[in-house]
Amino acid sequence: MSFARKLLSLLGATVLLAGCVSDDKGSDPEPELPVNPVVSLQSAIDQAVDYVIVPSVQRFLADTEALDAAATTFCDSPDEESLSAMQDDWRTAFVQWFRLSLYNFGPLNDDIVFPQYTFIDSLRLRGTDYLETVRSEIAADITGSDSLDDAYFGNKTFQRVGLLALESAVFETSTPEHSTTPADVIADYLFQPRKCEMLQGLSGELVQRARYVEQGWLVEHIDSDLSYRLLFLDGQLDDGTEPLSQILISNQEFLDYLQARRVVVTAAQISMHAWEAITAAIDEVELLLNGNENTTDSLFDVMEATGNQNAVAAVEDSIAQIRQALADRDVDMLEISLGYLDGNFKREIPDSLELDLGINFSDGD
């Protein structure tokens with residue numbers, strides 16, 4: 001709970017106590033406290049950007065850099081310890097990607113033809129599983145004669161790079177059996193030296209995508225001299241969308257994607273890490289709405305301060321149901337409960353903030 005929510009509770013208790021004191025002189029009642037005495041919607045948006053969204057962008061870059069370094073370490077000394085470390089770093093980057101995916105706007109999605117996010121997560125575009133495509137591409141790179149340099153990987157189409165291609169390279173052999181046994185994976189690299197070149201090319205390409213996003217948020221966005229952070233907080237978005245609308249719509253779209261594309265059973269099939277990734281995404285939703293230890297004004301604070309405690313309770317209930325479905329590994333219940341939270345982002349949250357999202361959502365939730 002942020003400081004503002006705690007303060008609101010104390011103020012409410014003070015008002016109740018004051019109401020219990022009789023006034024024998026029959027004086028006029030004290031004026032009511034303003035509905036929103038300590039929180040500001042703009043402050044909540046600013047803090048969501050600086051304490052939640054930007055750190056998520058920075059962590060994804062750091063995690064991809066760690067994976068790239070682990071790939072180099074493994075190739076220098078391919079053994080079970082370095083393989084395990086590299087696999088752990090892939091899992092970390094994959095989980096952080098699911099947190100960052102809630103903010104699929106700005107530098108992640110600033111090209112109508114070749115948006116960055118598709119080169120990181122090919123499944124996100126239309127729910128197509130490109131596992132066999134990346135397997136074929138990896139085999140072709142290993143047996144081919146092309147120079148496996150940065151330019152080569154930078155020219156690949158989105159279906160052949162990103163986290164999925166790295167998952168195949170890191171967790172399984174390139175042979176038709178696609179063994180995931182560590183000894184087999186290590187042997188695959190030892191007997192095919194070009195596989196390490198391919199691995200490092202893929203990890204380096206992922207870092208470049210993550211760095212583009214981070215630079216866009218904090219340094220310079222496309223042709224502007226300003227960072228996307230500054231443009232966003234100043235309401236200067238390319239299509240005129242209000243900043244808060246952009247955040248809520250992006251969250252809603254990701255929740256809808258998780259549900260509609262059955263991501264928990266289609267993503268991370270080799271590493272078997274989709275449940276953990278979706279858990280992290282829900283952690284991020286809660287962080288966005290409720291803030292962290294640095295937050296003084298959060299979106300939940302604003303909702304409660306304006307008398308929408310029931311709406312906050314509805315969102316918290318949806319999150320609790322998702323967490324239960326995740327704990328139970330219940331695919332069907334997960335889809336249902338994700339639909340509830342998707343609906344909260346369409347109705348309860350924007351309605352409580354008196355925000356018109358300007359989109360006619362379907363009634364499929």
Subject >> Charged N-O contact under 4.0 Å between Arg329 and Glu276 >> reply: yes
**OP:** List the steps, then state whether side chain to side chain contact (heavy atoms under 4.5 Å, CB included) holds for Ile322 with Tyr340.
**Re:** CA-CA 9 Å; Ile322 293 173; Tyr340 294 152; over 6 Å; no
Side-chain heavy atoms of [X] within contact of [Y], under 4.5 Å:
X      : Y      : result
Asp121 : Leu164 : no
Leu326 : Leu334 : yes
Lys195 : Asp188 : yes
Phe60  : Val213 : no
Met86  : Leu67  : yes
Leu289 : Ile349 : yes
Leu288 : Leu102 : no
Ile282 : Leu338 : yes

Once you round to the nearest 0.5 Å, how far does [atom1] of [X] lie from [atom2] of [Y]?
X      : Y      : atom1 : atom2 : result
Ile53  : Ile45  : CD1   : CD1   : 10.0 Å
Phe254 : Tyr103 : CZ    : OH    : 10.5 Å
Leu61  : Arg211 : CG    : CZ    : 6.0 Å
Ile186 : Ser77  : CD1   : OG    : 9.5 Å
Ser203 : Glu65  : OG    : CD    : 11.0 Å
Asn251 : Asn104 : CG    : CG    : 11.0 Å

Examine [X] and [Y] and state if one hydrophobic cluster contains both, with Ile, Leu, Val, Met, Phe, Trp and Tyr joined whenever side-chain heavy atoms are less than 4.5 Å apart.
X      : Y      : value
Leu166 : Met272 : no
Val302 : Leu244 : yes
Ile249 : Ile112 : yes

Checking [X] side chain against [Y] main chain: does a donor-acceptor pair fall under 3.5 Å?
X      : Y      : result
Arg124 : Thr118 : no
Ser168 : Ala165 : no
Glu284 : Leu100 : no
Ser250 : Ile247 : no
Ser174 : Ala139 : no
Glu167 : Ser271 : yes
Glu80  : Pro182 : no

Original post:
Does the pair Val49 and Val54 meet the rule for a side chain to side chain contact (heavy atoms under 4.5 Å, CB included), with working shown?
Top reply: CA-CA 6 Å; Val49 169; Val54 168; 4.0 Å; yes
Are [X] and [Y] linked by a side-chain donor-acceptor pair shorter than 3.5 Å?
X      : Y      : result
Glu177 : Thr175 : yes
Thr73  : Asp76  : no
Gln47  : Thr296 : yes
Ser40  : Gln42  : no
Asp317 : Gln321 : yes
Glu348 : Asn344 : yes
Ser82  : Asp79  : yes
Thr133 : Glu137 : no
Thr279 : Trp275 : no

**OP:** Name all residues meeting the side-chain hydrogen bond (donor to acceptor under 3.5 Å, both in side chains) criterion together with Thr241; count only those two or more places apart in sequence or in a different chain, and write none if there are none.
**Re:** Asp239
Original post:
Can you name the residues that form a side-chain hydrogen bond (donor to acceptor under 3.5 Å, both in side chains) with Glu81, not counting sequence neighbours?
Top reply: none
**OP:** Just do the side chain to side chain donor-acceptor pair (under 3.5 Å) check on Thr92 and Asp89 with the steps written out, would you?
**Re:** CA-CA 5 Å; Thr92 299; Asp89 283 334; 4.9 Å; no
Subject >> Pair Asp46-Asp297, side chain to side chain contact (heavy atoms under 4.5 Å, CB included): steps then yes or no >> reply: CA-CA 9 Å; Asp46 293 349; Asp297 299 335; over 6 Å; no
Original post:
How would you list all residue pairs meeting ring-ring contact (aromatic ring centres under 6.0 Å, His included) that involve residues 167-188, not counting sequence neighbours?
Top reply: Trp90-Phe171
Original post:
Which pairs pass ring-ring contact (aromatic ring centres under 6.0 Å, His included) with one or both residues in residues 180-204, sequence neighbours excluded?
Top reply: Phe74-Tyr189
Subject >> Sequence neighbours excluded, every pair satisfying disulfide (SG to SG under 2.5 Å) that has a member inside residues 165-196 >> reply: Cys75-Cys196
**OP:** Would you please test Asp146 and Asp141 for side chain to side chain contact (heavy atoms under 4.5 Å, CB included) and show each step?
**Re:** CA-CA 7 Å; Asp146 289 312; Asp141 283 346; 5.6 Å; no
Original post:
Can you list every pair that meets side chain to side chain donor-acceptor pair (under 3.5 Å) and has a residue in residues 214-230, with sequence neighbours left out?
Top reply: Asp50-Arg229
**OP:** Write out all pairs satisfying side chain to side chain donor-acceptor pair (under 3.5 Å) with one or both partners inside residues 53-63, taking only residues at least two apart or from two chains.
**Re:** Ser56-Gln96
Subject >> Sequence-distant partners of Gln269, side chain to side chain contact (heavy atoms under 4.5 Å, CB included), two or more places apart >> reply: Asp129
Subject >> Over 12 non-hydrogen atoms of neighbours within 6.0 angstrom of CG in Asp88 >> reply: yes
**OP:** Answer yes or no: are there more than 12 heavy-atom neighbours, outside Glu242 itself, under 6.0 Å from its atom CD?
**Re:** no
Original post:
With sequence neighbours excluded, what pairs up with Arg209 under the salt bridge (charged side-chain N to carboxylate O under 4.0 Å, His left out) test?
Top reply: Glu205
Subject >> Pairing residues for Glu335 by the salt bridge (charged side-chain N to carboxylate O under 4.0 Å, His left out) criterion, not counting sequence neighbours >> reply: Arg262
Subject >> Partner residues of Phe158 under the ring pair (Phe, Tyr, Trp, His ring centres under 6.0 Å) criterion, sequence neighbours left out >> reply: Tyr130
Subject >> Partners meeting ring pair (Phe, Tyr, Trp, His ring centres under 6.0 Å) with Phe153 (sequence neighbours left out) >> reply: none
